[in-house]
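Chain naming here is simple, since letters A, B, ... match the order of the sequence lines and numbering starts at 1 in each. All heavy atoms count here, side chains included; hydrogens, waters and symmetry mates do not. Every value quoted in this text rests on a predicted model; they were computed, and no experiment measured them.
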Amino acid sequence: MKWTAGKITYAYDEEQCTCGAALCVEACAQSVLDANEETDKMEIVNTVQCIFCKLCEEICPTKAISIQGALTLDDVVHERDW
Amino acid sequence: MKTTTTECDVLVIGSGMGGLRASIEARRAGLKTLLVEKSILTRASASIYAGALVARVPPDYLVKMGLAEPGMNFEASIEDSFQYFVREGARTGGSNFTANQRIAMTVACEMQTRAEELRDFGVEDIYAQRWLGPPAVYGTHMMLPLLAHARKIGVKTRIMTMITDFIRQDGEIVGAVGFDLRKKQFVTFRASSIVMATGSCGQIYERSYAPIRMTGDGLAMACRAGATLTDMEMMGFDNWGVALDGVPQYWIPGSVARTRGVLRNAQGEAFFLKYAQEHRVAGKGATLSLDDNLSRRYGRPFIELVPHLIKASMTEILEGRGKNNAVFLDLTKVPKDLWNVDSKGIFTQNLLRGFNLQEHPLPVAPICIGDFKGGGVRIDERGRTDVPGLFAAGDVSPGSSLLYALVTGVMAGRSATQRAHATAVPELTSESREWTEDQAAALETILSRTPSHLGDPGSIKSRIKGIMWKSAGPLRDRQGLQRGLEGLKAVEEEAIPNLSASGSYRKLREAMEAINMVMSGQSIVSSSQYRTESRGYNQRLDYPDRDDTNWLRNTTLTRAGDAAMTVASEPVDLVFMKPEGYEERAT
């Protein structure tokens with residue numbers, strides 16, 4: 001599953017979601033993720049609240065989710081003069 | 001049903017700064033220390049959202065934006081820091097002179113030592129200012145080394161375990177009950193001392209920037225165990241929450257956007273200009289020019305303008321001059337380069353998911369920010385609550401800031417250690433054992449109850465958040481607060497008895513959070529109703545002025561047994577500093 005929001009691209013591979021501990025759900029401070037009680041897999045329930053902290057990506061032991069791309073300082077700042 | 005019992009000298013609940021620091025303090029005194037966390041370590045805490053203790057010196061860009069706060073840096077003298085804490089309030093509890101001055105003084109005296117000490121625990125740059133990127137990783141440079149150190153010296157940790165209540169025996173706290181989400185079992189802990197570092201209840205509002213697990217569990221548990229809550233009406237708000245469909249309720253931090261932008265209502269009027277003139281907000285030398293930053297525009301430090309900005313924005317929204325419950329932050333005239341000068345601007349732009357600030361004004365509205373609040377479980381300057389055996393650190397007690405959590409963490413940890421050295425781990429009486437079994441049975445009931453729409457924990461939580469935002473949000477009045485109390489009572493009587501976790505321990509955690517939220521909500525609403533003045537974050541429309549003659553007082557909330565909460569107040573002990581022009585009232 002792949003989708004974009006602004007300049008950010010998300011990819012989630014449900015078949016690779018196998019740790020069964022829903023660590024990503026706990027890591028998310030924004031309620032974007034939830035755990036499916038029956039399959040023990042992660043579900044993305046509320047993308048609106050995602051703040052691109054990438055903690056889910058960082059904590060996932062099986063690399064089932066990846067988040068890429070964002071504006072950088074160089075994209076938007078030409079001078080830093082007051 | 002399966003229940004396991006664990007015994008330790010010091011039980012610490014919560015793994016933010018307060019909890020980690022307290023557990024290190026107890027463990028290095030040689031005690032058997034257990035740290036329990038309802039999510040995964042450090043992740044449910046507000047500390048991970050905090051980018052710095054305080055600055056060594058105010059950063060240049062803050063000074064230039066008029067955001068630097070005197071007294072709030074490590075170069076400041078003890079008296080400057082202390083005065084700042086008492087005047088501003090929220091960082092060490094209370095608000096505008098209602099802080100416990102002994103705690104404020106302790107923090108002022110200890111802050112430098114305790115911060116420097118963090119180096120011993122592996123924190124490399126204690127003066128780092130980490131305000132780049134997403135807030136959920138701001139605090140990692142401090143929290144992860146601390147956690148690693150705690151583990152290294154032998155603090156035992158238990159994750160995904162939610163404590164639901166304290167065991168009280170002969171007027172003292174001797175243990176706690178709860179459940180383990182992973183092992184799917186009920187748990188009982190026995191300990192000589194318990195340190196609660198469970199955080200605040202920022203999630204109680206519909207519009208909130210607090211981490212999702214901040215549901216006031218500790219506040220409710222302490223209240224049920226007979227501890228006193230104080231100044232609960234002082235829940236913090238800020239004016240700069242993004243209110244745009246399709247993007248997060250994101251709080252715009254101290255970027256140029258806040259200080260250079262112009263607040264407008266739906267008709268395009270710069271309403272704060274009018275408000276400032278009507279309410280005499282503008283100070284000496286105010287330019288009232290929309291091209292200047294806020295401090296220069298209104299001739300006052302930014303921090304003093306915040307309550308007025310919130311009040312003005314909320315008034316526009318309530319009186320129908322906003323749009324979709326928001327007003328507009330006009331940044332179209334602010335040069336793009338300036339807007340991104342401190343990098344937080346870029347991060348916000350990412351979050352805006354393509355929304356163009358150069359072309360459209362950004363909808364903003366006041367938002368509850370977990371990091372500012374002045375109320376909580378009453379403690380003394382040694383971290384002790386009113387109940388023997390129970391200690392509190394960090395946001396669950398009055399005050400909130402990483403610095404406050406650090407210092408109170410040390411204090412509570414040390415007091416807990418002192419008690420644990422003197423007191424053996426108590427045996428549970430048969431009465432207590434029966435009580436814990438009842439608690440486990442109550443959890444089992446919620447777990448096995450047939451699911452219903454009314455009893456769904458998620459919908460109950462949203463209902464509470466809605467009620468709280470409408471009745472005890474940034475602007476309050478008598479009728480609204482009364483409706484709030486009635487609404488919460490209805491939730492308590494109709495919905496809570498139907499709570500159902502549909503067999504899921506994750507949902508059981510949600511359910512218990514909902515119960516705790518009702519209680520925290522009631523405490524906020526009734527304290528706010530009781531304080532008939534406007535001070536700090538308790539802005540009452542029916543009592544718009546600060547009243548130092550009658551209200552240099554702390555509100556207190558207590559609950560005996562299963563009875564309703566009683567609100568009262570007591571005078572602030574102005575032991576070190578009095579407000580200017582204050583005269584003691586004849587009693």
Colleague: Quick check for you: to the nearest 0.5 Å, what is the distance between I48(B) atom CD1 and L55(A) atom CG?
Modeller: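 Between atom CD1 of I48(B) and atom CG of L55(A) there are 8.0 Å.
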Colleague: Per the salt bridge (charged side-chain N to carboxylate O under 4.0 Å, His left out) rule, what does the pair list look like for residues 35-48 of chain B, sequence neighbours excluded?
Modeller: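 Counting only pairs at least two positions apart or across chains, the salt bridge (charged side-chain N to carboxylate O under 4.0 Å, His left out) contacts touching residues 35-48 of chain B are K38(B)-D217(B), K38(B)-E513(B).
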Colleague: Taking non-hydrogen atoms and a cut-off under 4.5 angstrom, which of residues 23-35 of chain A neighbour chain B?
Modeller: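 Listed by number: L23(A), V25(A), E26(A), A27(A), C28(A), A29(A), Q30(A), S31(A), A35(A).
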Colleague: Of the backbone (N, CA, C, O) and the side chain (C-beta and beyond), which part of M160(B) lies under 4.5 Å from a heavy atom of chain A, both, or neither?
Modeller: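 Side chain of M160(B) only, per the 4.5 Å heavy-atom cut-off to chain A.
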Colleague: I'd like to know whether CG of N356(B) has more than 12 heavy-atom contacts from other residues, nucleotides or ligands below 6.0 angstrom.
Modeller: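 Count over threshold, so yes.
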Colleague: Taking only residues two or more places apart in sequence, or in another chain, which ones meet T4(A) in a side chain to side chain contact (heavy atoms under 4.5 Å, CB included)?
Modeller: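 Once residues adjacent in sequence are excluded, the partners of T4(A) under the side chain to side chain contact (heavy atoms under 4.5 Å, CB included) criterion are T9(A).
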Colleague: Between G246(B) and V48(A), which heavy-atom pair has the shortest distance, and what is it?
Modeller: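 Heavy atoms of G246(B) and V48(A) come nearest at C-CG1, 3.7 Å.
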Colleague: According to the salt bridge (charged side-chain N to carboxylate O under 4.0 Å, His left out) rule, which pairs have a member within residues 50-72 of chain A, sequence neighbours left out?
Modeller: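 Those involving residues 50-72 of chain A do not exist here.
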Colleague: Looking at V247(B), L351(B), I212(B), which one has more heavy-atom pairs under 4.5 Å with chain A than the rest?
Modeller: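 Among V247(B), L351(B), I212(B), the one with the most close pairs to chain A is I212(B).
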Colleague: Check E37(A) against S504(B) and note the closest heavy-atom contact, atom names and distance.
Modeller: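 Between these two residues, the closest heavy atoms are OE2-OG, 2.8 Å.
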Colleague: In terms of heavy-atom contacts, does CG of N324(B) have more than 12 from other residues, nucleotides or ligands at under 6.0 Å?
Modeller: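 Counting neighbours around CG of N324(B), 12 or fewer heavy atoms of other residues, nucleotides or ligands fall under 6.0 Å, so no.
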Colleague: Assess whether atom CG of N46(A) is packed by more than 12 heavy atoms of other residues, nucleotides or ligands within 6.0 Å.
Modeller: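 Count over threshold, so yes.
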Colleague: Return the minimal non-hydrogen interatomic distance between R353(B) and C50(A), and the atom names on each side.
Modeller: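 What the structure gives for the nearest pair is NH2-O, 3.1 Å.
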